[in-house]
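Throughout, a chain's letter reflects where its sequence line sits, starting with A, and its residues are numbered from 1.
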Amino acid sequence: MASTTTESSRILHEIETLKSARSDLDRRISSLESQLRDLNHHQNNGVSHAPSASVSTLDSTFPHGLSPDMIYRYSRHLLLPSFGVQAQSRLLKSSILVVGAGGLGSPALMYLAACGAGRLGIVDHDVVELNNMHRQIIHTEAYIGRSKVESAAATCHSINSTVQIVEHKEALRTSNALEIFSKYDIIVDATDNAPSRYMISDCCVVLGKPLVSGAAVGLEGQLTVYNYNGGPCYRCLFPTPPPTTACQRCSDSGVLGVVPGIIGCLQALEAIKIASAVGEPLSGRMLLFDALAARIRTVKIRGRSLQCEVCGENSKFKAAQFQEFDYEKFTQSPLSTSPLRLKLLEPHSRISAKEYSDRLRNGESHVLLDVRPEHHFKIVSLPNSLNVPLASLDGRLEEVGLALKEEEHKQGSDSSSGDVQLYVVCRRGNDSQRAVKALQEKGFTSAKDIIGGLEGWAREVDPTYPAY
Amino acid sequence: MQLTLEFGGGLELLCDSVKIHDVSVDPENGAGTLIMKDLLSWVRSNLIKERPEMFMKGDTVRPGVLVLVNDCDWELSGQLDTPLEEKDVVVFISTLHGG
């Protein structure tokens, strides 16, 4: 047993060493590549100057301002009759800010870099995690644990080194949003929570910037353009924030990786259309994507509301009001995606994961109730736990009573002391508290929750226990 | 009156995870017309299986739910007073925030 532990820690160590060596190599390669590009660039310029004055067409700048390299790089855009040189030139002069370098932001940023947006800003305060990789395709494994903005900027640069990438490694707040947004023509909302969405929309209204807004959860996505050409803002559509229980998050509800990918691509498309003044941006309309049914429908939504608190006719919402607005209070949810940590119970109704493991080892007679949804239970569960999801707990109390009786019966035969204990566990320790509360009200007065849930178990008892 | 009702953005979870419902709803008291207000209360008592507060607040939908009658925001057709006709398609969709 001990030797296996030593062996696995040796392997882990070696992996770390190799990874670090690899990222050093990556850095050296990319630095050399960039040196080589510079050299080639000078060389090409040199060659273009070499011939006699009679063939000096390359010296003169074309009226559209595209260099020979640009003409070649963007040739497939230039060949499109409905896009062409004019649209590409506008795109090259545009500046676009993408808020969030996650599932939506990944493809949006990659396409915006590739297509030649003049200046591309990235806002995010998060670091890359292993459980991001299935959908946040701009990041690579070498960047796990490092800033998402740095990682995204490196990828964008490697796709198109002629685009100016601006890194904003900070959380977007009312205190910095105006300053950051004011440097860009178009804003792309690729965030993942309600308060950010209100804040970004309001800031766009205050500064008069068009907003390309996308969202995706589970197997569905939504897309629209706000505050464009007299169209509605986010608040025109949603003047009152939804209840927090209606705000599903990818980290709770799950998301099929390609779904935000599709919406992020469409966000890039809308930003390109606005920047290049081509086509009809998705303003006053909303695109709804259903991945399971393979269906995209575009619906007509209301126009700008004259009564809108932010963009309406008599609105007094200006920069000063924006900076003082409390978006977390307004939506009753946090701007950062840090998971909720409820505290519903008295200390005597709770035990730590460590203490539970001690009691387990001492052979204490108990029932362990796991109140996570069934599909969570299937991913991983503690031994001998009984799965009764919180949503169906009310109707299945009898099962809990029965399990306790059975345990009592077992105990009776070897007549040790004390009652059978009832412990409740979930993923993070929130639902278990709700369940304990409900159980106590129904007469299971000794019910206790395991603080921090299975995540607590992984932290305090078994570091190898799978996180999800 | 034959109608197609669709639930999305998570609202389908309130009706046994079924997204599309082909239903027959008749105006009450023999009144000739059915309006959205009538349909909402019909949906609430016939289709919503759990947490009705996730669907409605007061006599209308809760904040964050878009209602589309034939692919058009009901704000443009009179909200609760929107008249319904045979074979209309009504979509209830919860706005998404994730990404």
- Task: Using heavy atoms and a sub-4.5 Å threshold, report which of residues 61-76 of chain B line up against chain A, by residue number.
- Result: B:Arg62, B:Pro63, B:Gly64, B:Leu66, B:Leu68, B:Asp71, B:Cys72, B:Asp73, B:Glu75, B:Leu76
- Query: Do you know which of A:Ala194, A:Gly103, A:Pro260 has the most heavy-atom pairs with chain B at a distance under 4.5 angstrom?
  - Reply: A:Ala194
- Just give me the residue among A:Val259, A:Thr298, A:Thr245, A:Ile263 that pairs up with chain B most often, heavy atom to heavy atom, under 4.5 Å. A:Thr245
- Message: Given heavy-atom pairs under 4.5 angstrom as the criterion, report whether the side chain, backbone, both or neither of A:Arg135 touches chain B.
- Response: side chain
- Check whether A:Leu288 gets within reach of chain B through its side chain, its backbone, both or neither, counting any heavy atom under 4.5 Å. side chain
- Where on A:Tyr234 is there a heavy atom nearer than 4.5 Å to chain B: the side chain, the backbone, both, or neither? side chain
- Side chain, backbone, both or neither of A:Ala190 within contact of chain B (heavy atoms, under 4.5 Å): neither
- Item | B:Ser94 backbone acceptor or donor facing A:Gln222 side chain under 3.5 Å | yes
- Using non-hydrogen atoms only, which part of A:Thr191 is less than 4.5 Å away from chain B: side chain, backbone, both, or neither? backbone
- Whatever's closer than 4.5 Å to a heavy atom in chain B on A:Arg297 counts as side chain
- With chain B, the option among A:Thr240, A:Leu292, A:Leu219 that has the most non-hydrogen atom pairs under 4.5 Å is A:Thr240
- Message: Taking side chain as everything from C-beta outward and backbone as N, CA, C, O, which of these in B:Leu11 sits under 4.5 Å from a heavy atom of chain A? Side chain, backbone, both or neither.
- Response: neither
- So what's closer than 4.5 Å to chain B heavy atoms on A:Pro241: side chain, backbone, both or neither? backbone
- Does any heavy atom of chain B fall under 4.5 Å from the side chain of A:Asp290, the backbone, both, or neither of them? side chain
- Side chain / backbone / both / neither for B:Lys19 at chain A, heavy atoms under 4.5 Å: side chain
- In terms of heavy-atom pairs under 4.5 Å, which option from A:Gly105, A:Gly102, A:Pro243, A:Gly218 contacts chain B the most? A:Pro243
